[in-house]
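Okay, structure first, notes after.
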Amino acid sequence: MNNISIIGTGNMARTIAARAIAGGNTVEVMGRDRSKAADLAKALGDGATTGDWGTAPAGDIVIVALLYEGVVPAVTHYGDALAGKILVDISNPFNSTFDGLAHREETSIAQKVADVAPAGATVVKAFNTVFRHVLEKGRPDVFLAGDSAQAKGSVEAFIESLGMRPLDVGGLKMAHWLEGAGVITVGLANHGVGNLDFALSITEISELPV
Ligand SMILES: NC(=O)c1ccc[n+]([C@@H]2O[C@H](COP(=O)([O-])OP(=O)(O)OC[C@H]3O[C@@H](n4cnc5c(N)ncnc54)[C@H](OP(=O)(O)O)[C@@H]3O)[C@@H](O)[C@H]2O)c1
């Protein structure tokens, strides 16, 4: 069992929280609008609690489930309240036409979070390549990136508790490419696949035909 805090009260917050509870984890919800957080905690039931925006989260793993523009400002606002926590950035910084990233440099929201996170906090990028409704019902592969093997191990255990397969893509600088994979996912939905009912996944080929 993991203690999870979720910063955000939107669709991804609700979906990850519901799966987390179903997986036997405890969940705390924090939102800039406390009444929305309280409503979500009440709807989740099963002991879900509400925390105050900007105060120390109860969970060891803190999932920041905000629109990308709000992620770095929120982590900055929380400041030392996040010391020692594992911060999971799930955001997709899409450009206005959803066919590229909002930032031009080879960076990521996760790396920007690491720049403002307090001492002892570690950052992991995860969940951004999975559509919300797939996360709600499916068992997709969940790609993650981060510099701390220990933090990634904790997030992997959490993902496994959701009945999903975590797949580590490397250090935090790989978050840039995970954000790119988010763009690929939308491109596939709009073109080759033509719908949202899929997730990027890995198939291991044990025997290739000669
Ligand atoms: N939906 C998906 O399929 C999906 C899949 C993978 C990743 N993601 C990523 O997950 C994150 C959340 O997506 P979502 O679908 O849950 O969005 P959503 O339903 O629109 O919820 C957005 C949340 O962000 C908060 N927020 C927005 N701007 C903010 C700001 N400037 N400061 C603080 N809080 C702010 C909102 O709070 P208020 O209600 O107070 O406005 C709300 O709690 C996004 O970064 C998205 O890219 C989404």
Side-chain angles (χ1 to χ4, degrees), residues 4-20 27-41 43-44 48 50-55 57 62-79 81-82 87-103 107-113 116 123-138 140-145 155 159 162 164 166-167 169 175-190 193 195-201:
I4 305 297
S5 290
I6 300 184
I7 299 179
T9 56
N11 292 315
M12 285 294 275
R14 186 177 66 249
T15 300
I16 294 173
R19 290 294 302 249
V27 169
E28 173 191 51
V29 183
M30 312 174 102
R32 61 179 174 179
D33 180 337
R34 198 181 196 285
S35 66
K36 284 189 184 176
D39 287 350
L40 177 53
L44 289 165
T50 310
D52 287 326
W53 182 258
T55 65
V62 180
I63 297 171
V64 187
L66 305 175
L67 297 188
Y68 82 86
E69 307 96 305
V71 174
V72 169
V75 171
T76 304
H77 173 72
Y78 271 76
L82 297 174
L87 309 179
V88 181
D89 167 43
I90 69 166
S91 67
N92 275 314
F94 295 135
N95 66 11
S96 58
T97 45
F98 295 88
D99 59 357
L101 295 171
H103 46 72
T107 185
S108 62
I109 299 299
Q111 287 161 284
K112 292 180 183 189
V113 168
V116 300
V123 181
V124 174
K125 184 92 189 179
F127 292 106
N128 73 298
T129 60
V130 186
F131 289 123
R132 185 212 36 93
H133 72 288
V134 173
L135 210 49
E136 192 172 75
K137 296 192 179 129
D141 286 348
V142 178
F143 303 121
L144 67 151
V155 175
I159 292 167
L162 310 182
M164 302 172 194
L167 286 173
V169 305
H176 173 74
W177 304 107
L178 281 185
E179 292 180 0
V183 179
I184 298 284
T185 309
V186 171
L188 286 166
N190 288 334
V193 178
N195 63 62
L196 300 171
D197 300 332
F198 71 96
L200 299 183
S201 66

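Indexing begins at 1, ligand by ligand and atom by atom, following the structure's order.
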>> Within ligand 1, which atoms have a heavy atom of F131 less than 4.0 Å away?
In response: 3 (O)
> Which heavy atom of the protein is the closest neighbour of atom 13 (O) of ligand 1, given with residue, atom name and distance?
Replying inline: M12 CG, 3.8 Å
> At what distance is the nearest protein heavy atom to atom 20 (O) of ligand 1, and which residue and atom is it?
Replying inline: L67 CD2, 3.8 Å
> Per the side-chain contact (heavy atoms from CB on, under 4.5 Å) rule, which among D39, I4, T9 passes with V29?
Replying inline: T9
>> Between E136 and R14, does any NZ, NE, NH1 or NH2 come within less than 4.0 Å of an OD or OE carboxylate oxygen?
In response: no
> So is D33 polar-close to ligand 1, meaning N/O to N/O under 3.5 Å?
Replying inline: no
> Checking N128 side chain against I90 main chain: does a donor-acceptor pair fall under 3.5 Å?
Replying inline: no
> Among all protein non-hydrogen atoms, which one is nearest to atom 42 (C) of ligand 1, and what is the separation to 0.1 Å?
Replying inline: G10 N, 3.9 Å
> In ligand 1, which numbered atoms sit nearer than 4.0 Å to a non-hydrogen atom of Y68?
Replying inline: 45 (O)
> Please state which protein non-hydrogen atom is closest to atom 7 (C) of ligand 1 and give its distance, to 0.1 Å?
Replying inline: I90 O, 3.2 Å
> Do the non-hydrogen side-chain atoms of F98 and V183 ever get within less than 4.5 Å of each other?
Replying inline: no
>> Counting only heavy atoms closer than 4.0 Å, does ligand 1 sit against the backbone of S91, its side chain, both, or neither?
In response: both
>> Give me the residue, atom name and distance of the protein heavy atom closest to atom 45 (O) of ligand 1.
In response: L66 O, 2.7 Å
> Hey, which atoms in ligand 1 end up nearer than 4.0 Å to a heavy atom of N92?
Replying inline: 6 (C), 7 (C), 45 (O), 47 (O)
> Checking K125 side chain against S91 main chain: does a donor-acceptor pair fall under 3.5 Å?
Replying inline: yes
>> I'd like to know if the side chain of E28 reaches the main chain of P57, judged simply by a donor and an acceptor atom lying under 3.5 Å from each other, with no hydrogens or angles considered.
In response: no
>> Suppose we measure from atom 23 (C) of ligand 1 to each protein heavy atom; which comes out shortest, and what is that distance?
In response: A65 O, 3.8 Å
> Counting heavy atoms only, which of R34, R32, R14 is nearest atom 26 (N) of ligand 1?
Replying inline: R32
>> For a quick check under 3.5 Å, do H133 and D197 share a side-chain donor-acceptor pair by atom type?
In response: yes
> Does A74 have a non-hydrogen atom less than 4.0 Å from ligand 1?
Replying inline: no
>> How far is atom 19 (O) of ligand 1 from the closest protein heavy atom, and which atom is that?
In response: N11 N, 2.9 Å
> Taking only residues two or more places apart in sequence, or in another chain, which ones meet F143 in a ring-ring contact (aromatic ring centres under 6.0 Å, His included)?
Replying inline: none
>> Using a 4.0 Å cut-off to any heavy atom of G70, which atoms of ligand 1 qualify?
In response: 30 (C), 31 (N), 32 (N)
> Looking only at heavy atoms, what is the nearest atom pair of V75 and V116, with distance?
Replying inline: CG1-CG2, 3.8 Å
>> Parallel, tilted or perpendicular, judged at 30° and 60°: which one describes the rings of H103 and H176?
In response: tilted
>> Tell me the nearest of K36, E69, H77 to atom 39 (O) of ligand 1, using heavy-atom distances.
In response: K36
> Relative to the heavy atoms of T9, which atoms of ligand 1 are at a distance of less than 4.0 Å?
Replying inline: 39 (O), 43 (O)
> Looking at R132, which atoms of ligand 1 are within less than 4.0 Å of one of its heavy atoms?
Replying inline: 1 (N), 2 (C), 3 (O)
>> Distance under 4.0 Å to a non-hydrogen atom of F127: what atoms of ligand 1 satisfy this?
In response: 6 (C)
>> Determine whether R32 and L66 satisfy the following criterion, side-chain contact (heavy atoms from CB on, under 4.5 Å), listing intermediate values before the conclusion.
In response: CA-CA 10 Å; R32 61 179 174 179; L66 305 175; over 6 Å; no
> Taking the side chain from R19 and the backbone from L162, do they hold a donor-acceptor pair closer than 3.5 Å?
Replying inline: yes
>> Out of all atoms in ligand 1, which are within 4.0 Å of some heavy atom of V130? Include the element for each.
In response: 5 (C), 6 (C)
